[in-house]
Amino acid sequence: MKNILIVGAGFTGAVIARELAEQGHKVRVIDSREHVAGNCFSERDKKTGIMVHIYGPHIFHTDNEEVWEYINRFTEMMPYINRVKTTVYGKVFSLPINLHTINQFFNKTCSPKEARDLIENKSDQSILDPITFEEQALRFVGRELYEAFFKGYTVKQWGMSPSELPASILKRLPVRFNYDDNYFSHKYQGMPRDGYTPIVANILNHHNITVELEHEYQEVDREGVDHLFFTGPIDSWYGYKFGRLGYRTLDFEKFHTEDDFQGTAVMNYGEENIPFTRITDHKYFAPWEQHVGSVCYREFSRACTPDDTPYYPIRQMGEMELLNKYLTLAETEKNISFAGRLGTYRYLDMDVTIAEALNMARIYLESLEETKKMPVFTVNVR
Ligand code: FAD
Ligand code: UDP
């Protein structure tokens with residue numbers, strides 16, 4: 001039996017804790033926040049009873065069978081398909097770009113083949129290997145759609161020009177030549193019936209796990225600990241000695257309306273002169289519930305300061321150089337592993353977070369059986 005300390009009670013910390021606790025190890029989980037579930041925390045709005053996602057809307061989607069089974073062990077997943085709209089030039093369009101978007105935008109009635117030909121004509125075929133976000137957009141949708149839907153939104157979201165960002169950010173979004181407006185292409189998609197917080201609480205509910213909230217990690221916590229899993233920011237572990245890794249943070253402006261505000265869960269705003277990126281109405285994330293009125297959040301993105309919650313890792317060249325310095329230090333450590341979105345400084349969806357946490361726990365358990373050194377990282381972080 002080992003004494004394990006886990007810093008962070010988000011999905012990463014909770015899943016590792018559970019896997020080790022089930023094998024008989026004693027696990028102490030600490031988190032500086034007053035709640036479990038990290039950035040996936042949800043709770044009911046006091047005024048309306050609507051379930052709200054406090055750190056931004058979270059939709060569960062995955063192709064990973066093991067992760068889907070895992071999450072369903074701890075909650076009842078309700079059917080939910082994410083359908084996103086965007087307002088530009090005084091009109092509402094459907095996202096991700098699909099046949100409806102193309103026909104509406106160009107005022108046409110194209111068939112799938114005609115739309116494919118139209119977009120091919122508009123796209124910049126001279127770009128063979130897109131490196132930047134802008135090149136990826138010009139290559140696959142052409143200038144008009146890029147400028148309407150992506151350029152302004154991306155400048156607001158990332159605080160820099162799409163010509164400075166990697167193509168991988170846009171590759172997350174499909175372009176479809178049919179009327180399928182499902183934002184995601186994964187096999188499984190859903191929303192937890194009671195929000196995300198009870199899932200994490202259920203995962204942590206085991207006789208070998210103790211949880212302490214409002215507890216910031218301190219050196220003394222490590223006494224008598226055989227292995228520490230750290231899911232906080234990797235630069236914070238080293239007291240930011242080389243400088244802070246860059247993140248974007250979000251400000252949420254919450255408001256209530258007596259009427260249904262926008263008739264859908266997510267409305268993006270593509271134009272740069274509208275200061276927010278999107279408005280979300282959280283009652284639409286629980287379509288099986290009945291609520292009168294809306295509780296909405298306007299979302300503003302900006303550079304993260306030391307007092308803010310870090311959301312999106314920037315991972316530009318400067319940040320990667322800094323990250324490498326921290327990784328070089330970390331790789332010399334013993335009895336500690338870094339995990340999760342902050343510990344590895346990567347944008348991770350929840351399903352990837354869970355898959356990586358299950359894998360890390362498995363590797364730790366194997367290292368005990370085979371008396372091998374537990375690695376500091378179990379994924380490629382660079
Ligand atoms: P976290 O949830 O950040 O947990 C880390 C915990 O560690 C925190 O609770 C923190 O308080 C604690 N901690 C840190 N340092 C210390 C310390 N020194 N001492 C004590 N405690 C500490 N994923 C999806 O799959 N679908 C979505 O729709 C989706 N939407 C998102 C929307 C936004 C705006 C963002 C930013 C992310 C979204 N995600 C989504 C990703 C999702 O939030 C992450 O996958 C998930 O939160 C990662 O969990 P984690 O445990 O690694 O990190
Ligand atoms: N994006 C955009 N316009 C939109 C939606 C997304 O330009 O209406 C860009 C933006 O740069 C964003 C990226 O596409 O960061 C990926 O979109 P996604 O919806 O996956 O963003 P996230 O879930 O990370 O907020």
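When a ligand or atom number is given, it counts from 1 through the structure's own listing order. Predicted model only: the values in this text are computed from it and were never measured.
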Before signing off on this row, confirm whether [X] and ligand 2 have an N or O atom pair separated by under 3.5 Å.
| X | value |
| --- | --- |
| Leu170 | no |
| Arg172 | yes |
| Trp158 | yes |
| Tyr183 | yes |
| Thr154 | yes |

By number and element, which atoms of ligand 1 are closer than 4.0 Å to a non-hydrogen atom of [X]?
| X | value |
| --- | --- |
| Val7 | 16 (C), 17 (C), 19 (N), 20 (C), 21 (N), 22 (C) |
| Thr12 | 50 (P), 51 (O), 52 (O) |
| Gly8 | 6 (C), 7 (O), 12 (C) |

Margin query: Against Ser367, only a single residue in Lys373, Met374, His227 fulfils side chain to side chain contact (heavy atoms under 4.5 Å, CB included); can you say which?
Written below: Met374
Can you check which of [options] brings a heavy atom nearest to [atom]?
| atom | options | value |
| --- | --- | --- |
| atom 6 (C) of ligand 1 | Ile6, Val15, Asp351, Asp31 | Asp31 |
| atom 13 (N) of ligand 1 | Ser301, Ser32, Ser236 | Ser32 |
| atom 6 (C) of ligand 2 | Tyr153, Phe184, Phe133, Phe150 | Tyr153 |

Next item on the list: Flag the pair Lys325 and Glu321 as a salt bridge only when some basic side-chain nitrogen lies within less than 4.0 angstrom of an acidic carboxylate oxygen.
Entry: no
Next item on the list: Please list, chain by chain and in numerical order, all residues satisfying side chain to side chain donor-acceptor pair (under 3.5 Å) with Arg382, sequence neighbours excluded.
Entry: Asn324, Glu331
Check: Any donor and acceptor pair, going by atom type alone, linking the side chain of Asn202 with main-chain N or O of Phe74 inside 3.5 Å?
Finding: yes
Notebook entry, point to check: Okay, side chain of Arg176, backbone of Asn182: is any donor-acceptor separation there less than 3.5 Å?
Noted result: yes
Record the part of [X] in heavy-atom contact with ligand 2 below 4.0 Å; permitted values are side chain, backbone, both and neither.
| X | result |
| --- | --- |
| Tyr312 | side chain |
| Asn268 | side chain |
| Leu165 | neither |
| Val84 | neither |

Margin query: At less than 4.0 angstrom from any non-hydrogen atom of Leu95, what atoms of ligand 2 do you find?
Written below: 8 (O)
For [atom], what is the nearest protein heavy atom, given as residue, atom name and distance?
| atom | answer |
| --- | --- |
| atom 13 (C) of ligand 2 | Ile169 CG2, 3.6 Å |
| atom 3 (N) of ligand 2 | Phe149 O, 3.0 Å |
| atom 14 (O) of ligand 2 | Leu173 CD1, 3.7 Å |
| atom 2 (O) of ligand 1 | Asn39 N, 2.9 Å |

Note to self: Using a 4.0 Å heavy-atom cut-off, which part of Val352 comes near ligand 1: side chain, backbone, both, or neither?
What the structure shows: neither
Next item on the list: Only counting residues at least two apart or in another chain, list the ones meeting salt bridge (charged side-chain N to carboxylate O under 4.0 Å, His left out) with Asp226.
Entry: none
Item checked: Face-on cation placement of Arg346 at Phe377 ring, 6.0 Å and 45° thresholds -> no
